[in-house]
Structures are given as C-alpha cells and as structure tokens.
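First comes the structure, then the notes that go with it.
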Amino acid sequence: MSKFEIRKRSKSEVTILDIYGELDAHTAPILEKELQQLIENKFVHIVVNGSGLEYISSAGLGVFMAYIEDIRLQNGDIKISSLKPKVFNVFDLLGFPTLYDIVETEDNAVARFK
Amino acid sequence: MPTIKEHTLRISASTNELERIRHFVADHAGKFGFGEDDINDIILAVDEACTNIIKHAYEWKTGKPIHIQLALRGNEMLVSIIDEGKSFDPDSYHVPSMQDQLNQKKRSGYGILLIRKLMDHVEYRKRNSRNEIRMTKKR
C-alpha cells in the first residue's frame, strides 16, 4: 500500500508541510484533509516542502488545484519547494510552474511571503 | 517482430493496489532494459490509467478486475490494461485549461493528458464488455 506522511511545523507566520512518500489516488485524501484544516483555521500561508516526496500522480496534483483558489481568496498561497527532479517533472508536464511558485529551497519559499 | 517477454498482473480495482502496480511496472521495465526516466514515465502512465479505471470505469466499486499486461517487442514496451467497467470515449476528451480548472476548483482530467505526454502511442479499444487501453514506449 502507498505510504505518505505529513509533518507540520511553523516558521513565523508560515506553515510548513514536510511531505514524505508517495502522493497518489490512495494517499491524496491525507493531504486534502490537512489543507482543509489549515484553511478552516485561517492558516493560509503554506509552504509544502517536497524534499521527501518520492512520487506524485495527477491525483496528488489535483489536491493542490482544488484548494489554491480558496487559499488565494484569503490572501494566502501555497508555495512548493525542494522537489526532486523526477517529481518536479510531473508538475512541469502539466504547466504548474506558471500558476504556482515552485522554488528550490524552503527558505526561498518562505521569503516569498514577506 | 516477435514479442519476446510478457508479464501479467491481475488485481482488483482499488487504490490500495496502486503501489503494487507501480512495483510491477518498475520491476519489469527495468528488466526490459529501460532507463530510469523512461521507467518513471511508464509507471506514471500505468498508474494514471488504472486510477481512471478505478474512478471512472468502476466508479470506486472495489473488487472489479483490472488486467495489466507488459510485453517487450523489439525495442518497444507494450502495455495493455483491460477492465470491464464503463467505457471511455477518447473523442469526448478535451484538454482542460489549468486556469479554468483552478477557477472551478476542479481537479481531474489530467490523467489522460499525462498518459499522452508520457507514452509514444496510446489507443483505446472496446470489445463486448471489455475496455482496453494500449500504450507503447520505445527504449
């Protein structure tokens, strides 16, 4: 069974989600639930650190798509950092870099909220 | 050109099985001599096709059959995935605009696009109650 884990921490006003494992149709609901909770609690400055993400399919990308408008309407954003090249490639194939801030380092992602 | 190697996996439709499907594809694509980038492409294409079957053909009903066959013919990997659910009409598919999807908070519709980008050739067949997606990738 696919393994996926989220660890949450904060850096000033920014919530960092460290994600690990494989984000597919089986595990996407885990990330979905986490984002829903953050939105409900008005934590809308979010950095997803993907250094531990080994795999993503369109079901995983779909979670980012489903919540980004809600988050931006609350003057927040999801910024994505530290993706492995093979994972970045999937984001890139669907044109994500034109609509999302996808940066190399977590510090760079956090700085974009300032 | 003769098909020289063939491997089959029969599973029941469930997202629980996606990891096993990916391992099956990675294992045999590696033994067929594909490089890492090509293996990643084939894994994702097969995952997307099976996810679409689980979601759309079987509408999340578990226990229904999915039959995956991998074969090497010459320099080319052939992937055949068969289901017995609702059939997909490729002519009805339009590539969704990302901005429209975001505005409408939609999240699906990209599996087919990824499959087309990742594989060299994709076709759909329907025979009686069975649907088949056939995909090929050159080494």
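The analysis underlying the following values was restricted to heavy atoms, covering all of them including side chains, and did not include hydrogens, waters or symmetry mates. Note on naming: letters A, B, ... go to the chains in the order of the sequence lines (proteins, then strands), and numbering restarts at 1 for each one.
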Region of A/L93 in contact with chain B, defined by heavy-atom distances below 4.5 Å: both
Side chain from CB out, backbone as N, CA, C, O: work out which of these in B/L44 comes under 4.5 Å of a heavy atom of chain A, or both, or neither. both
Using non-hydrogen atoms only, which part of B/I54 is less than 4.5 Å away from chain A: side chain, backbone, both, or neither? neither
Do B/E132 and B/R130 sit within salt-bridge range, that is, some charged N less than 4.0 Å from a carboxylate O? no
If you tally heavy-atom pairs under 4.5 Å against chain A, which of B/L18, B/T51, B/D37 wins? B/L18
Is it the side chain or the backbone of B/N40 that comes within 4.5 Å of chain A heavy atoms, both, or neither? side chain
Top contributor to chain A interface from B/E17, B/R22, B/E36, B/H23 [non-hydrogen pairs under 4.5 Å]: B/R22
Can a side-chain donor-acceptor contact be found between A/S51 and A/N49 if the only test is distance below 3.5 angstrom? yes
Over 60° means perpendicular and under 30° means parallel, so tell me whether A/H45 and A/F113 are parallel, tilted or perpendicular. parallel
Which one, A/K3, A/K86, A/M1, leads in non-hydrogen pairs under 4.5 Å with chain B? A/M1
For a ring pair (Phe, Tyr, Trp, His ring centres under 6.0 Å) check, start with the C-alpha distance between B/H28 and B/F34, then their side-chain angles and the critical distance, and finish with the verdict. CA-CA 9 Å; B/H28 293 299; B/F34 280 83; over 10 Å; no
Interface check, chain B: of A/L94, A/I56, A/N89, most non-hydrogen pairs under 4.5 Å belong to A/L94
Is A/F64 close to chain B through its backbone or its side chain, or both, or neither, when contacts mean heavy atoms under 4.5 Å? neither
Return yes if some donor-acceptor pair links the side-chain N/O of A/S10 with the main-chain N/O of A/S12 below 3.5 Å, else return no. no
Tightest non-hydrogen contact, residues A/A25 and B/T15, listed as CB-CG2, 3.8 Å
Taking every heavy-atom pair that is under 4.5 Å apart, which of A/R72, A/H26, A/E22 has the most such pairs with chain B? A/H26
Kindly state each residue pair satisfying salt bridge (Lys or Arg N to Asp or Glu O under 4.0 Å) with at least one member in residues 44-58 of chain A, sequence neighbours excluded. A/E54-A/K84
